[in-house]
Participant: 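Before we start, here is the structure in question, set down as structure tokens.
In the text below, chain A, chain B and the rest are named by the order of the sequence lines, each starting its count at 1. In this text the structure is predicted, and so the values were computed from the model without any measurement.
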Number of protein chains: 2
Amino acid sequence: MKIQEVSEKYALSADTLRYYERVGLIPPVTRTLSGIRNYSELDIRRVEFIKCMRSAGLPIEVLIDYMELVQQGDATIGARKDILKEQREQLIARMSEMQKTLDILNHKIQVYESVMLEAEKQIKIEE
Amino acid sequence: MKIQEVSEKYALSADTLRYYERVGLIPPVTRTLSGIRNYSELDIRRVEFIKCMRSAGLPIEVLIDYMELVQQGDATIGARKDILKEQREQLIARMSEMQKTLDILNHKIQVYESVMLEAEKQIKIEE
DNA sequence: CTAACACCTGGAGTCGACTCCAAGTCAAGG
DNA sequence: CCTTGACTTGGAGTCGACTCCAGGTGTTAG
């Protein structure tokens, strides 16, 4: 799979895919003889994983550290688990912040809605 | 309430509070005669609201637009509601992305955990 | 009255995460 | 063979959201 296909499939720009590889978020992708990226199944699974983690806001630096450990093999499983657990806690914290905000948004929208209904009634009375 | 107290109470730096005011996220704060910010109840409620919205990732630009409408009075209630509804949709979308990621994190952590348990057993057998 | 410390402003700097560009190479159709 | 369009690299630029700084003013404890 060439870079543009991957880009389209995962809604990540080709520039972003190259950037991810450059900074070590994704290990070097398979290439054709002439040097063009040719994403393998494994490369694509990595892109998918990184996209998912990024979309939840995990910082690039943390993911670089994690992917480095993955490259180093099974001896690093403990360290990897620690990273993921830490990120899970932070993710849960962010989600609960967001839930609070969502509740407030819902409440405000509801208030606006009823204010608008009142205003409409008022107009009807005046008619 | 002086800026430092507000800063401590809401865990926002004094610089950030001034920045929010400068860009219009918060309308000009009450001042003492000598020009020092003296946050009123209302000012503080605004800080609280903005902090909450920002912590859920609502963009500053959107919040500036919203706060501008708030300043313009009741005629803008419809427009405000539209903004909030739009932001609510985006928030829900982000949260569901995060839930997916959380599921994957949980799964990965669980796999690592069982891999580590297996390794331990292996060591026991070898002993 | 002065030292020390919080506050002020305008503007510049930083940081994370891309995003764009120039200048060159490669692949496929006519 | 030549053109056209996708690919390559290294490096610079952008964007959102702060964060810091210099140079000055206000305030309060001793």
Side-chain angles (χ1 to χ4, degrees), chain A residues 1-40 43-44 46-47 49-67 87 90-91 94 97-98 101, chain B residues 1-40 43-44 46-47 49-67 87 90-91 94 97-98 101:
Chain A
M1 230 182 175
K2 278 194 281 180
I3 199 163
Q4 203 178 7
E5 299 172 89
V6 180
S7 160
E8 278 157 22
K9 186 161 177 194
Y10 293 101
L12 293 168
S13 78
D15 271 318
T16 298
L17 287 167
R18 287 191 211 102
Y19 165 73
Y20 282 176
E21 191 176 340
R22 179 157 45 162
V23 300
L25 247 181
I26 292 168
V29 164
T30 325
R31 305 284 184 123
T32 65
L33 285 179
S34 57
I36 288 175
R37 285 177 186 78
N38 185 21
Y39 289 77
S40 69
D43 294 326
I44 286 173
R46 284 162 173 171
V47 168
F49 173 69
I50 290 299
K51 178 183 172 163
C52 177
M53 296 300 123
R54 284 292 308 129
S55 78
L58 276 70
I60 280 189
E61 263 214 53
V62 170
L63 294 171
I64 290 171
D65 291 353
Y66 177 81
M67 292 305 281
Q87 292 306 308
Q90 299 201 14
L91 183 51
R94 282 201 301 279
E97 278 294 303
M98 288 165 97
T101 304
Chain B
M1 233 182 173
K2 278 193 283 181
I3 200 165
Q4 203 178 9
E5 300 173 87
V6 180
S7 159
E8 278 158 21
K9 187 161 177 194
Y10 294 101
L12 292 168
S13 77
D15 272 317
T16 298
L17 287 166
R18 287 191 212 99
Y19 165 73
Y20 281 176
E21 192 176 338
R22 184 160 34 164
V23 299
L25 247 181
I26 293 167
V29 164
T30 324
R31 306 283 185 126
T32 64
L33 286 179
S34 57
I36 287 175
R37 284 177 187 79
N38 186 22
Y39 289 78
S40 69
D43 293 326
I44 286 173
R46 285 164 173 170
V47 168
F49 173 68
I50 290 298
K51 178 185 171 162
C52 178
M53 295 301 123
R54 284 293 306 130
S55 77
L58 274 70
I60 282 190
E61 263 213 54
V62 170
L63 294 170
I64 290 171
D65 290 352
Y66 177 80
M67 292 304 281
Q87 292 306 309
Q90 299 202 11
L91 184 51
R94 283 201 300 278
E97 278 293 302
M98 289 165 97
T101 304

Participant: Return the value, rounded to whole Å, for the distance between atom CD1 of A:I50 and atom P of C:dA17.
Facilitator: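 Spelled out: CD1 on A:I50 to P on C:dA17 is 12 Å.
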Participant: Can you check whether B:V29's main-chain N or O pairs, donor with acceptor, with B:E21's side chain at less than 3.5 Å?
Facilitator: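 Confirmed, B:E21 side chain pairs with B:V29 backbone.
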Participant: Look up atom CG in B:L25 and atom CD1 in B:I60, then write down how far apart they are to the nearest 0.5 Å.
Facilitator: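 If I round to the nearest 0.5 Å, the distance is 5.0 Å.
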Participant: Looking at residues 27-35 of chain B, who's got a heavy atom less than 4.0 Å off DNA chain D?
Facilitator: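 B:S34 - these, ordered by number, are the residues of the stretch whose heavy atoms sit under 4.0 Å from the strand.
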Participant: Can you tell me the distance, in whole Å, between the CD1 atom of A:I36 and the C1' atom of C:dA28?
Facilitator: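 Answer to the nearest Å: 12 Å.
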Participant: Tell me which residues in residues 1-20 of chain A lie within less than 4.0 Å of DNA chain D, going by non-hydrogen atoms.
Facilitator: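 The answer is A:K2, A:I3, A:Q4, A:R18.
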Participant: Counting N and O atoms only, with roles assigned by atom type, does the side chain of B:R18 sit under 3.5 Å from a partner on the main chain of B:I3, one being a donor and the other an acceptor?
Facilitator: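 Pair absent, no side-chain N/O of B:R18 close to backbone of B:I3.
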Participant: Judged by atom type as modelled, is there a donor-acceptor pair below 3.5 Å linking the side chain of A:E5 to the main-chain atoms of A:K2?
Facilitator: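 Yes; at least one donor-acceptor contact below 3.5 Å.
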Participant: Using 0.5 Å steps for rounding, measure from the OG atom of A:S55 to the CE atom of A:M53.
Facilitator: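 Those atoms lie 8.0 Å apart.
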Participant: Treating A:T30 as the side-chain partner and A:Y39 as the backbone partner, does any N or O pair qualify as donor plus acceptor under 3.5 Å?
Facilitator: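 The answer is no, because no donor-acceptor pair under 3.5 Å joins these two groups.
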Participant: Is a donor on one side and an acceptor on the other found under 3.5 Å between the side chain of B:K51 and the backbone of B:Y10?
Facilitator: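 Such a contact is found between B:K51 side chain and B:Y10 backbone.
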Participant: To the nearest Å, how far apart are B:R22 CZ and C:dT9 C1'?
Facilitator: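 In whole Å, C:dT9 C1' lies 8 Å from B:R22 CZ.
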Participant: With a 4.0 Å limit, can you tell me whether A:R37 has a side-chain N or O closer than that to the phosphate oxygens OP1/OP2 of D:dT8?
Facilitator: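 Yes.
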Participant: Taking only heavy atoms on the protein side, list every residue of residues 56-66 of chain A lying under 4.0 Å from any atom of DNA chain D, sorted numerically.
Facilitator: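 Heavy-atom cutoff 4.0 Å gives no residues at all.
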Participant: To the nearest angstrom, how far is B:R54 atom CZ from D:dT19 atom P?
Facilitator: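 Atom CZ in B:R54 sits about 11 Å away from atom P in D:dT19.
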